[in-house]
Amino acid sequence: MALDLSLLNPQQRKAVVQSEGPVLVLAGAGSGKTRVIAHRVVHLLEQGVAAGAVLAVTFTNKAAAEMKERIVRLAGGASDARRVTVSTFHAFGMRIVREQHQALGLPAKFAVLDAGDQAALVKRLLRDLKVDDKRFDVNRLLGILSRLRTGGAPGHSGDEYELCAAELLPKYQLGLRAMGAVDFDDLLLLPLALFGKDTALLQKYQGRYRYLLVDEYQDTNDAQLALLTQLAGLRRNLCVVGDDDQSIYGWRGAQVRQILKFEGKFPGCAQIFLEQNYRSSGNILAAANAVIARNPGRKPKSLWTDRGRGPRLRLVAAPSDEAEARYVMDEIIRVSYEEKISLREIAVLYRTNAQARPFEEALRLGGVRYRVVGGTSLFDRKEVRDLVAYLRAALNPRDEVALLRIVNVPARGIGDQTVARAQELARARKSTVWDVFAAAPAELSQAAERIADFVALMRKYGARLVGKGFSEAARDLVEEVGLFDEARRGAQSLAAQARKVEAVQSLLRQLIEYEQREEQRAAEDTEDSEPFAAGLSGYLARITLDSREADGDSWDAVTLMTLHGAKGLEWRCVFLCGMEEGLLPHSGRGFDDSGSEPRADGALDLEEERRLCYVGMTRARERLILTRAVERTKRGKRVPRTPSRFLEDIPAELLETIDLRGPLPAAPKEVQQAKARSFFASMNELLGEE
DNA sequence: ACCGGTTTTATTTTT
DNA sequence: TAAAACCGGT
């Protein structure tokens, strides 16, 4: 029953056993850091620490789920390990904001705005300021706004974006509060402010969480570090685990310097280096090391492995992006057929979501099961967002972003004029558009009757969506409002129509499922303080904080995802695709239709791109295939491409180079592939889908 | 206010 | 290329 520490190496053991005081663990890729965290938690429990006193923070919801699973398994299930809190920073913040919503002046069912909603709000504010919203890229403004609030890297002050954002900031925050809504940053900033003001409250939380662990520490921002510092208090039982070489969220305010800051905030903290890599074969590790070594100013690390060298890395040049995808498809079939690597052990990684398309097509054509993680999710679809906005507006009509989105969708005779007048009235009276609608529709001329109907509709469903049976109410709402017809409109092909309707239906299905699960959970008692509220508002908060689709990774399929999504994961076989200048390293708007040369302006964060490449390479355990296209379809046009500069850093002896522009592959290989393909076709038929 | 057709414009990564 | 923004007729 006792935790077996003998399977850990000395450094890992030290990181596990050093339970008290601040600890900084610098864990190279594949050095077993998840393992260390899990062991550390279970070790704490064995020392007699109550499970409820342990808080482990991860970067993604998926990582949190996996970590919890691992802890429970390691603890042997017998103990109360389930009560350990494992969550993302944002989910943790959500819990606090929810528990303290009254002190924060928020309604019980406050909304959480996602990036799209934030953009809508900023656009509205710009128009209020009579600023031409075409002059500014709203997303860039949002980035600056976020950095201003969370205190990330100081921007180049003085330029017009900084000035505009500075002017926007107070209005933005007032707007949020008037709507009774919060954004992602608020989930960190509101607790931070609350704790700063209310010492007794802070002490309560400090008493609740006495042991803190943070994974992916290199990707935290200043607000997160501040929150951690508050919680750690004088006890200072804070253990952070990170790797400066894997810091890939600089654009979100994370700083590599964060690791150094920890040493500053917690002088004399224990420092532990995990340098033995247990994941990748020697060749893969050597190549990845060669790439990352060229980054200046990193904490010197020398990752090593005692595993064999393994096969060489493969470097493939395909004539086009389609050919690249076809090659990957063929190779996946070959590898899974010949080397008996199952599809779930294979990943196709790329820099941008847009690259997924050709791979999806090729894999579908080849009959290979795949799963696209991230990217345009269900909740990025317009029709789904409309429905979500309906639900939100009905639940909380002060949620103006949601209300304005659907007030005239489908068209119901409440047009721009009416809405603009209502907004003006609202501003003059210091109330909200909803209040104007509800209180005095007569003042809004001919549309009065329409508005009254709309108000009645919202009230009706606002009542029905609150308690039990909300999923059924949502379905009725879709029917009554005619959202299916609305979805069908504006899609030219029948297939597109079907997809849209299907998307709406799938959200409704999810709602039903969610409600059933919640009832079940309520039946088996769980007094755990969930981060999320009960009912529909909890569901809505959950989906904006965790938009990954519910369908698990249970079935055997190849994984397609971005490099960012791949952090923390591993596969036996990894395809790292699009190894081209402009793509990896990515250069924002740096390359145009005419050429492939990235513009030599500072917009390209080469160091972070290099780390991204490193992260991708180190995901592979046994086989790593790097691919690039010589020519790529970009925005409908053929564009020539040049190889990524990162490829030059990999020693040639580690590489096996294949040029698909050369002579056709030998016949036997073709035969094998055909065989494999029919094998998969029959497998899929057996599994009974499509 | 609404609709349909035309033109423009965007293209990183995600909690 | 595809989706959003725009425009002008009804």
Side-chain angles (χ1 to χ4, degrees), chain A residues 57-64 87-94 112-116 118 123 133-134 137-140 142-143 146 150 182-188 216 219-221 223-224 247-254 349-357 373-377 379-382 408-420 445-447 450 489-493 496 541-548 561-567 578 582-593 603-605 608-609 611-612 615-616 632-639:
Chain A
V57 184
T58 60
F59 198 65
T60 65
N61 295 288
K62 191 168 178 215
S87 74
T88 64
F89 269 107
H90 294 272
F92 177 70
M94 180 75 198
V112 184
L113 301 196
D114 68 13
Q118 291 179 56
K123 266 188 199 153
D133 56 356
K134 294 211 64 165
D137 171 6
V138 176
N139 283 324
R140 195 168 146 199
L142 278 172
S146 174
T150 58
V182 302
D183 68 6
F184 285 122
D185 288 332
D186 280 328
L187 294 176
L188 307 171
E216 309 286 9
D219 285 322
T220 57
N221 60 32
Q224 290 165 331
S247 170
I248 55 175
Y249 284 90
W251 48 276
R252 220 169 79 183
L349 306 180
Y350 36 76
R351 177 66 230 270
T352 68
N353 279 308
Q355 286 167 259
R357 184 68 63 89
V373 179
T376 322
S377 82
F379 302 100
D380 295 329
R381 304 176 140 277
K382 182 178 168 299
N408 204 29
V409 175
R412 56 163 66 85
I414 306 176
D416 297 343
Q417 295 286 313
T418 309
V419 171
S445 71
Q446 327 89 339
R450 301 273 166 177
R489 171 177 341 200
Q492 43 286 78
S493 73
R542 205 178 283 257
I543 59 173
T544 87
L545 250 51
D546 182 8
S547 56
R548 98 200 123 102
M561 68 164 109
T562 64
L563 289 167
H564 284 86
K567 191 177 65 165
L583 221 41
L584 187 66
H586 192 271
S587 54
R589 59 206 159 277
F591 59 114
D592 54 25
D593 302 346
L604 153 146
D605 187 345
E608 183 149 318
E609 295 296 319
R611 290 192 291 267
L612 214 34
V615 166
R632 186 174 288 276
T633 317
K634 189 105 190 144
R635 197 159 120 195
K637 301 258 178 315
R638 285 277 193 224
V639 177

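By convention in this document, chain letters (A, B, ...) are assigned in the order of the sequence lines, proteins followed by strands, and residues within each chain are numbered from 1. As the structure is a computational prediction, the values presented were derived from the model and not from experiment.
Both thresholds, 5.5 Å between centres and 30° between ring planes, are met by A:H586 relative to the base of B:dT12, so the two rings are stacked.
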In sequence, state the C-alpha distance, the side-chain angles, and the governing distance for A:R638 and A:T633, and then conclude on side chain to side chain donor-acceptor pair (under 3.5 Å). CA-CA 5 Å; A:R638 285 277 193 224; A:T633 317; 2.6 Å; yes

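If you take atom P in C:dA4 and the same atom in B:dT13, they sit 16 Å apart, rounded to whole Å.
As rounded to whole Å, 15 Å separates atom C1' of B:dT12 from atom CZ of A:R140. Per the geometry, CZ belonging to A:F92 stands 16 Å off C1' belonging to B:dT15, to the nearest Å. Residue A:D380 contributes atom CG, which lies 18 Å from atom P of C:dA2 at whole-angstrom precision. What separates NZ of A:K382 from P of C:dA2 is a distance of 18 Å, to the nearest Å. Atom CD in A:E216 sits about 13 Å away from atom C1' in B:dT15, given to the nearest Å. Rounded to whole Å, atom P of B:dT9 lies 13 Å from atom CG of A:D137. A straight line from CG of A:N221 to C1' of B:dT13 spans 16 Å, rounded to a whole angstrom. Rounded to whole Å, atom C1' of B:dA1 lies 9 Å from atom CD of A:Q417.
Contact between the side-chain N/O atoms of A:N353 and the OP1/OP2 oxygens of B:dT14 is found at a separation under 4.0 Å. Contact between the side-chain N/O atoms of A:N408 and the OP1/OP2 oxygens of B:dC2 is found at a separation under 4.0 Å. Put simply, A:T60 has no side-chain N or O that comes within less than 4.0 Å of OP1 or OP2 on B:dT14. A close approach under 4.0 Å does not occur between any side-chain nitrogen or oxygen of A:T544 and OP1 or OP2 of B:dT15. Close to C:dA5, at under 4.0 Å from its OP1 or OP2, lies a side-chain N or O of A:K123.
Between A:I414 and A:V419, some side-chain heavy-atom pair lies under the 4.5 Å cut-off. Within the 4.5 Å cutoff, no side-chain heavy atoms of A:K62 are placed close to those of A:V373. Using a 4.5 Å heavy-atom threshold, the side chains of A:N408 and A:T418 count as separate. No side-chain heavy atom of A:V57 sits less than 4.5 Å from a side-chain heavy atom of A:Q224.
Residues A:Q118 and A:N139 each lie close to DNA chain B; by heavy-atom proximity, the contact nearer the 5' end of the strand is made by A:N139. Nearest-nucleotide mapping onto DNA chain B: of A:I414 and A:G565, the residue sitting toward the 5' end is A:I414.
Between the OG1 atom of A:T150 and the CG atom of A:D186 there is a distance of 11.0 Å, given to the nearest 0.5 Å.
Side-chain proximity of A:T562 to B:dT13, B:dA1, B:dT15: nearest is B:dT13. With B:dA1, B:dT15, B:dT13 as the choices, the nucleotide that has an atom nearest any side-chain atom of A:T88 turns out to be B:dT15. Across B:dT12, B:dT14, B:dC3, the shortest atom-to-atom separation from the side chain of A:A411 is found for B:dC3. Counting only heavy atoms from C-beta on, A:R357 has its side chain closest to C:dA2 among B:dA1, B:dT15, C:dA2.
When the shell of 6.0 Å around CZ of A:R357 is examined, it contains 12 or fewer heavy atoms from other residues, nucleotides or ligands.
Across all strands shown, A:R381 has no heavy atoms under 4.0 Å from either base or sugar-phosphate atoms. Nucleic acid contact for A:E608: none, since no nucleic acid atom lies under 4.0 Å from a heavy atom of the residue. Nucleic acid contact for A:F89: none, since no nucleic acid atom lies under 4.0 Å from a heavy atom of the residue.
In this pair, A:F184 and A:H90 present their aromatic rings perpendicular. The plane angle is above 60°, beyond the 30 to 60° band.
Screening A:I248, A:L349, A:L563 for a side chain to side chain contact (heavy atoms under 4.5 Å, CB included) with A:V615, the sole residue that qualifies is A:I248.
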How would DNA chain B look in dot-bracket form, 5' to 3', counting Watson-Crick and G-U wobble pairs with both distances under 3.5 Å and writing | for bases paired to another strand? ||||||||||.....

